[in-house]
Every structure is written in C-alpha cells, then in structure tokens.
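Data first, discussion second: the structure below is written as structure tokens.
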Amino acid sequence: MKEDFKQWSFNRKQWLEYGKRQMEERARKIEVVRKKKFDTIATHGLYDADTSHTYNSASIIEPIYMSTAQAYYNSAEMEAALAYEIPTWCYTRIANPSNYFLEETMALLETYQTDLEASCVITASGMAAIRAATEPFLQKDDSLPPPNFVASAKVYGGTFQQFSLRRGVEQGIEVRWIKNPLDLNEWKSKVDEGTRFLYGEFPSNPQVSIFDIAEVATLAHQNGVPLIVDATCASPALTRPLQFGADIVVQSATKVICSSGFSIAGTLTARKNIASKVGSEEMKSDFAMWVKLWPYRDNGPALSPMNAILALNDLRYLRMRMAHMSRSALTVAKYLEDHPKVSAAHYPGLVSYEGHAVANKYMTLADTDENMYGFMLAFEVAEKTPDSSVNARKFYDALDMIWRATDLGRVKTVATLNAISTHSQQGEEGRDLADIKPSTCRLALGIEDVADVIADLDQAFKKI
Ligand SMILES: Cc1ncc(COP(=O)(O)O)c(C=O)c1O
C-alpha cells in the first residue's frame, strides 16, 4: 500500500495507528504465506509484488539495503520508533529490511506445517546465534542454586569451546556434558534445580550423533527449562525441532542454508512462550524478538545485509539440494561401510547406525514421506592401533577432487580430519568425550555426481 506524504505532519497518535496497520498487514501476509508449500515459502517468503512496488522499484529479487541507518519523517515518528511502538529498522545493528526478509522466511520454515508461532533473529555467525540463544538463561538469580546447563558433548568444536571455556572457565558456569545423547537416563541424571537449559546438536558435527528430541524436550519442560537444538546439519528441509517440542533452534546458516559458500551467518528461531526459570515475561513470551530488541542491540552480533541476501538466495533451493546431497551421502555411506580400509562408518541412514530408528522418527524430507539423513557422514580409516592416524592422513592427502577444508554443507564435497582441525582446540580429553578419534574423517557431500566422489575416494584408499 503506497503511503502519501501526509506522513511529514503525522503526530504520535497517527504514527501509532500507522504502525498498527503495518503490523496487521504483516500478520495477514504471514497467514497467507504459511499455508504454502516449503519450496514456495523458501522462494518468496513475505516479499511480494506489493512490497516490491512500494519499496523496491518493482524488482523481483529482495533489495540489499546497505545503508546503516533509517531516516524518520519527523520527531514523532523517531520517538515512537525508538520506543519500539511502531515497526522500525532504525540502524542495521538493531534491524535491517534485507535481514528482515531472511528472518521472516526462516521463522516460517522452522514452523512449517504446524500451528506454532515463532520469531527469528539472524546473526553474524552460527557461533553468535548459539551465544545469543544460551546466555540469557545464565543470568544472575540469587533465588536459585548456582547455574549449570546440560549439553551433549557431541557438538561442533567451536560450541564445545564456547561452552567449556567462555561459559565454564571464564564465567564459572558448570557445564554438564552428556556422553551418549541417545541415553535419556544420562540426561535425567544430570538435570537438577540449578539447570537452566538443555542443549543438543541434531545431527552432531562430525559424528552425526542424534538424540530423541521429543523425549529430551519433555524432560526439559518437566524441569521448567528450555531445550535448545542446533539443527545445522539437518536444516529445516529435514528436521524442524520446534515441531517436536524444542523451544529454540539455531542454525549455522553458513552451512547448507548458504551452500554456495559466500556468507557466514546464523539464525535463532524460538517458539512463543518458552519455559525458563529466569528472565522477564517479555523474554519468555517471544524470546527471539526479545533477543533482537534488547541483548542483540547491546551486544552487536548483527549480520551484514549483503550476507543476509546471499543466504536468502541459497535458501530458496535448500530442499532440492538437501534431497540430492542426502541421496549421495547414503550411497557413499554404504560404499564406506563395506570398504575393507574403513573400520567404521557413521551415518543416520545406515541400518547399522545406533540411532537409525530415532533418525527415521525425525528426519524426513519436507513435503514427502521419504526419510533422508543429510549431507554429512563420518568414518574411521582402518589403522594398526586405535591412536594412529597414519592411514587416515595418507588417504586424506591423496584426495584429488574432494576439498581438504574445515567446511561443510557446500555444493562442493569437502573432507575434514577433525582431530587436527575443527576439534583440535578441545584437547584429547574433550575429543574422548565427543568420541573423535585421530582416524575420524568427516565427509560433507556436495552436489557433484556421486560416481565422481566415489572414484576420488577409491583412488585415495588405494594410496594406503
Ligand atoms: C553444527 C554447527 N553449529 C555451529 C557452527 C558454527 O557456525 P559458524 O561457523 O557459522 O559460526 C558450526 C560450524 O562448523 C557447526 O558445524
């Protein structure tokens, strides 16, 4: 709807009415768009012809608003905007219209085909999203015992370090690690009055370990705390943890959401009315929005609008990419499982995988009944002794087409020796907890023809 220039003389009351109309219009759009299919939501989000004609010279692709700040018609608008009484973007560290398109699309995808209402805030990286999602629950509250949180030890090395060093060593918060996240009794044995949240990766990087989301969510809620899930390696195309009871889901959008590899980004999406022992009613009622309005503004983890649109552009094809990558990963997992130079292959799609039945419960390609298990797998190169990496390194150095890098979710297949890279900083004890061996090799399948990937693996195995 085109606004005419009457706005120059709007008073506060008129601005509030204008803001209310904008919010009603947004709610109406959300109701229309959320009924559409996954690929349609991913492609269009809330950006429609009306928005385009009004704000973006009728361009069919969303604008990249690089401006750091928004101007106001008059002081009445500025006052209402900065009091958060009307929609505003104000300053890119607080909000930005380009970022808004990615946030709205992610909130819709994470709640796809549910009645759940959720908000999303995007961040400069996945690590920033994890910090923004967890830190508010660790705030000081003298009426409670000293804080602890319970987290699967099978997490990305950066997350392990953020929790054990930044929260644990530097802030004195007790981190209670879960060694086997499939074991609900282990989770139960670690939760007590001081516990502020439960945390898990689904599936984990690199061992593709999983847990029963609904069971762990129930345990969290019985104890009045939220379950926070990092679903980076599943993405909303396969697993939407909010649907199964999780309160908050984080993504390193850097990975399969932005597969072309042009953008570091994170997303934090939370359902409305989450469980928590601490925090204001405002925080609990709309956590992601609260993060955006308050700690995000003060801490400054905002995403560049350029990166937001790069991620949004790749998000449109997420489901199709996931299907292709998952099929390739399953083919490669079966090849590795039977390979004489591989002592173990880890992939949720393998019948031999410990959590295969749980994976079938939670990992299904959106808009199909087909179980799919994602782009990532790990395997152990057979060694003479358990602490050796001689063969793993020979194999790794012989890879030709497959990239040696600490990356995953790319359109190009990437292999990683995790003990000497992504998980090197956490030391041997931390790697033991997380079950990462010197021989562990992670493979993140891209979109190449899988026959060429297997041919490369084959020639590299022959060099051992
Ligand atoms: C599962 C998982 N979560 C979070 C992160 C951190 O994301 P970012 O690199 O975007 O900060 C990674 C990075 O590899 C990851 O694999």
Side-chain angles (χ1 to χ4, degrees), residues 99 102 106 110 120-135 151-167 181 199-211 213 228-239 241 246 248-269 299-304 307-308 310-311 314-315 322 325 329 346 348 363 373-378 403 405-410 414-426 434-436 440 442-445:
N99 293 13
L102 178 58
M106 278 305 291
E110 295 282 18
C120 171
V121 57
I122 55 175
T123 53
S125 68
M127 294 316 299
I130 293 168
R131 181 176 184 182
T134 52
E135 219 173 26
S152 168
K154 293 191 169 66
V155 287
Y156 164 57
T159 307
F160 192 94
Q161 293 297 94
Q162 184 181 114
F163 288 174
S164 55
L165 282 187
R166 310 276 91 86
R167 300 292 91 78
Y199 186 96
E201 234 170 63
F202 190 103
S204 74
N205 170 7
Q207 313 88 331
V208 284
S209 127
I210 58 170
F211 59 97
I213 300 171
I228 303 168
V229 180
D230 177 341
T232 297
C233 298
S235 90
L238 296 189
T239 306
I248 300 170
V249 57
V250 290
Q251 309 275 352
S252 165
T254 315
K255 306 295 163 12
V256 73
I257 287 176
C258 193
S259 269
S260 58
F262 283 133
S263 176
I264 299 274
T267 71
L268 180 177
T269 310
N299 291 330
L303 179 66
S304 150
N307 285 9
L310 289 172
D314 279 10
L315 179 60
M322 251 314 190
M325 290 163 142
H346 316 289
M363 303 183 85
Y373 308 95
F375 55 85
M376 196 175 69
L377 55 86
W403 295 90
T406 61
D407 208 359
L408 56 99
R410 285 298 143 257
V414 175
T416 311
L417 287 182
N418 299 90
I420 56 164
S421 58
T422 54
H423 294 68
S424 65
Q425 286 176 7
Q426 68 196 64
D435 208 15
I436 293 165
T440 303
R442 180 183 77 196
L443 202 59
L445 273 293

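Values reported hereafter were calculated over all heavy atoms of this structure, with side chains retained and with hydrogens, waters and symmetry mates removed. Just follow the structure's listing: the first ligand is 1, and inside any ligand the first atom is 1.
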Problem - side-chain hydrogen bond (donor to acceptor under 3.5 Å, both in side chains) evaluation trace for Thr232 with Asp230 - result: CA-CA 6 Å; Thr232 297; Asp230 177 341; 2.6 Å; yes

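Rounded to the nearest 0.5 Å, atoms CG (Leu268) and CE (Met106) are 10.5 Å apart.
Using a distance-only test at 3.5 Å, with no hydrogens or angles considered, a donor-acceptor pair links the side chain of Ser204 to the main chain of Ser209.
Not a single ring pair (Phe, Tyr, Trp, His ring centres under 6.0 Å) links Phe375 to another residue, sequence neighbours left out. Every residue two or more places apart in sequence or in another chain that forms a ring pair (Phe, Tyr, Trp, His ring centres under 6.0 Å) with Tyr199 is listed here: Phe163.
Every protein residue with a heavy atom nearer than 4.0 Å to ligand 1 is included here: Ser125, Gly126, Met127, Ile130, Tyr156, Glu201, Asn205, Asp230, Thr232, Ser252, Thr254, Lys255, Ala265.
Residue pairs meeting the salt bridge (charged side-chain N to carboxylate O under 4.0 Å, His left out) criterion with at least one partner in residues 121-132, sequence neighbours excluded, are Arg131-Glu135.
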